[in-house]
Amino acid sequence: MKTCNLLLAGLLLVLGFAVAASAMDKDEAAHGPTVYVPESTSPALVVGQDCTQPIVISSLPYHVLGQTTCGMGNSYANTCLGLYDGGEDIIYRLDLTAEATIDIRMNPYTSGYTGILLDDNCPPDVSGCIAFNTGSGGIRSILNKTLAAGSYYIMVDTWPTPNCIPQFALDITAAVPPPANDVCTGAIDLQSFESNSFQVDLCTGYTDNYNAGGTTGCTGYTSAGIDATYKIYLQVGENFTVSVQGTHDSAIWLVTDCANAAATCVAGADDTVGGQIETFSYAAAASGWYYLIVDGYSGCGLATVTIDAPVANEYQQWGGVKAMFK
Ligand SMILES: [Ca+2]
Ligand SMILES: [Ca+2]
Ligand SMILES: [Ca+2]
Ligand SMILES: [Ca+2]
């Protein structure tokens with residue numbers, strides 16, 4: 001009998017390796033054979049154990065430490081997490097009363113093959129979850145998800161081994177949208193400033209939307225850096241001189257149509273590197289709105305922008321800036 005069991009075990013082991021080898025990828029090679037974790041046999045439901053008894057999250061932000069899947073049972077092993085749902089799992093239900101854009105982060109503290117999913121069904125879909133994230137170490141995150149009002153489910157699981165996560169933290173926060181002047185539709189009118197100099201920290205939530213176009217463009221380089229936008233109304237012939245000093249390799253350029261920024265650039269500068277000053281002057285070829293893009297060759301930094309233009313037209317409303325040059 002004993003010999004028989006050993007033979008059977010050996011056969012299963014060989015079969016197991018054959019299956020694993022057929023779908024072997026880099027992660028699988030590092031992980032080793034998958035362990036089978038049984039469903040919970042405990043008759044008493046623990047909150048979070050399955051879809052009938054989720055941990056309810058009714059307000060954001062949500063920050064909890066000391067969470068665990070150990071002891072929760074392997075309730076779901078056929079979800080969009082693929083191999084990463086064979087361990088014990090925990091279920092949260094997020095109730096949103098209004099549309100929200102959220103970031104979800106799960107920190108398992110220690111390394112291990114962990115997964116997290118977000119879905120509007122429970123048990124979670126086998127395919128077509130709203131979002132999921134799996135990996136062999138570090139923080140699991142689902143970022144910048146815009147969700148309509150309603151109930152959503154979050155499941156945390158593992159690819160055994162580990163059979164469960166002894167301790168983890170879960171954070172759900174409202175994603176912070178970029179400042180309005182990240183793009184030209186929210187460009188800040190330079191005439192609204194009280195002074196002819198202002199600072200913008202491009203590293204605080206701005207994104208890269210505009211590229212000056214490389215060697216044929218008006219700065220001579222691409223501007224893959226993060227950018228912020230400003231606007232000015234210039235009368236024909238009016239001179240506009242601006243400089244920027246960034247803690248990064250800054251660039252600055254002036255366009256008439258942000259939807260076609262590189263092609264409509266009328267002036268720009270990216271002649272220096274980090275910490276130095278970029279400057280240009282422009283005499284308006286036509287009356288109209290001009291968009292100033294405070295940018296960089298790459299990355300982001302704290303940019304100090306100075307408008308040095310004497311205002312040619314006394315009738316132009318330049319607010320505080322106008323007063324500086326009278
Ligand atoms: Ca599971
Ligand atoms: Ca931008
Ligand atoms: Ca840019
Ligand atoms: Ca530069």
Side-chain angles (χ1 to χ4, degrees), residues 177-202 206-246 249-272 276-297 300-326:
N181 71 320
D182 185 37
V183 291
C184 291
T185 48
I188 297 172
D189 191 343
L190 288 173
Q191 295 173 80
S192 68
F193 285 108
E194 293 294 312
S195 144
N196 72 319
S197 184
F198 64 92
Q199 287 191 315
V200 54
D201 188 346
L202 296 167
Y206 288 94
T207 63
D208 171 33
N209 306 96
Y210 303 106
N211 196 316
T215 51
T216 57
C218 65
T219 67
Y221 295 95
T222 54
S223 61
I226 284 170
D227 38 57
T229 66
Y230 300 85
K231 64 182 180 181
I232 50 166
Y233 190 91
L234 295 176
Q235 297 284 358
V236 63
E238 205 162 31
N239 282 305
F240 176 66
T241 301
V242 64
S243 64
V244 62
Q245 184 171 25
D249 183 348
S250 65
I252 197 161
W253 44 306
L254 190 69
V255 310
T256 57
D257 180 6
C258 291
N260 202 8
T264 64
C265 183
V266 292
D270 184 3
D271 303 322
T272 68
Q276 297 180 43
I277 294 171
E278 304 289 357
T279 188
F280 71 77
S281 288
Y282 174 68
S287 298
W289 285 103
Y290 290 79
Y291 295 87
L292 180 69
I293 301 175
V294 179
D295 206 337
Y297 176 71
C300 63
L302 177 65
T304 303
V305 181
T306 305
I307 301 155
D308 288 325
V311 176
N313 191 331
E314 282 288 319
Y315 301 105
Q316 194 58 29
Q317 292 301 302
W318 263 99
V321 176
K322 177 185 174 187
M324 303 282 301
F325 298 106
K326 263 189 170 174

Judged by atom type as modelled, is there a donor-acceptor pair below 3.5 Å linking the side chain of [X] to the main-chain atoms of [Y]?
| X | Y | value |
| --- | --- | --- |
| Thr279 | Val242 | yes |
| Ser223 | Ala212 | yes |
| Ser195 | Ser197 | yes |

Does one side chain, of Asp227 or Thr229, offer a donor that lies under 3.5 Å from an acceptor on the other? no

Please tell me whether Gln245 and Ser250 have a donor and an acceptor in their side chains that are separated by less than 3.5 angstrom.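 Note: Gln245 and Ser250 side chains miss the donor-acceptor criterion.
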
Working note: Leu190 + Phe240, criterion side chain to side chain contact (heavy atoms under 4.5 Å, CB included); need CA distance, chi angles, decisive distance, verdict. CA-CA 11 Å; Leu190 288 173; Phe240 176 66; 3.9 Å; yes

Of Tyr206, Trp253, Tyr210, which meets side chain to side chain donor-acceptor pair (under 3.5 Å) against Asp295?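 Of the listed options, the one satisfying the test is Trp253.
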
Least distance between heavy atoms, [X] atom then [Y] atom:
| X | Y | answer |
| --- | --- | --- |
| Val200 | Ala228 | CG2-CB, 4.2 Å |
| Val255 | Ala261 | CG1-O, 3.4 Å |
| Cys218 | Ala267 | SG-O, 3.8 Å |
| Ser281 | Thr241 | OG-OG1, 2.7 Å |
| Asn211 | Ala262 | O-CB, 3.6 Å |
| Gln235 | Ala284 | O-CB, 3.3 Å |

Side chain to side chain donor-acceptor pair (under 3.5 Å) against Asp208, all qualifying residues, sequence neighbours excluded: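 For Asp208, no residue satisfies side chain to side chain donor-acceptor pair (under 3.5 Å) once neighbours in sequence are set aside.
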
Partner set under ring-ring contact (aromatic ring centres under 6.0 Å, His included) for Tyr290, not counting sequence neighbours: Tyr282

Run the ring-ring contact (aromatic ring centres under 6.0 Å, His included) test against Tyr230 and tell me which residues pass, sequence neighbours left out.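 Partners of Tyr230 by the ring-ring contact (aromatic ring centres under 6.0 Å, His included) criterion, ordered by chain and then number, come out as Phe198.
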
Reported [atom1]-to-[atom2] distance for the pair [X] and [Y], which is rounded to 0.5 angstrom:
| X | Y | atom1 | atom2 | answer |
| --- | --- | --- | --- | --- |
| Thr272 | Asp249 | OG1 | CG | 6.5 Å |
| Leu292 | Ile188 | CG | CD1 | 11.0 Å |
| Asp201 | Thr304 | CG | OG1 | 10.0 Å |
| Trp289 | Thr256 | CH2 | OG1 | 14.0 Å |
| Gln199 | Thr306 | CD | OG1 | 9.0 Å |
| Asp182 | Thr207 | CG | OG1 | 3.5 Å |

Is it true that atom OH of Tyr297 has more than 12 heavy atoms of other residues, nucleotides or ligands lying nearer than 6.0 Å? no

Flag side-chain contact, heavy atom, 4.5 Å: Asp308 against Ser243: yes

Any Asp189 side-chain heavy atom under 4.5 Å of Tyr233 side chain: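 They are not in contact (no side-chain heavy atoms under 4.5 Å apart), so the answer is no.
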
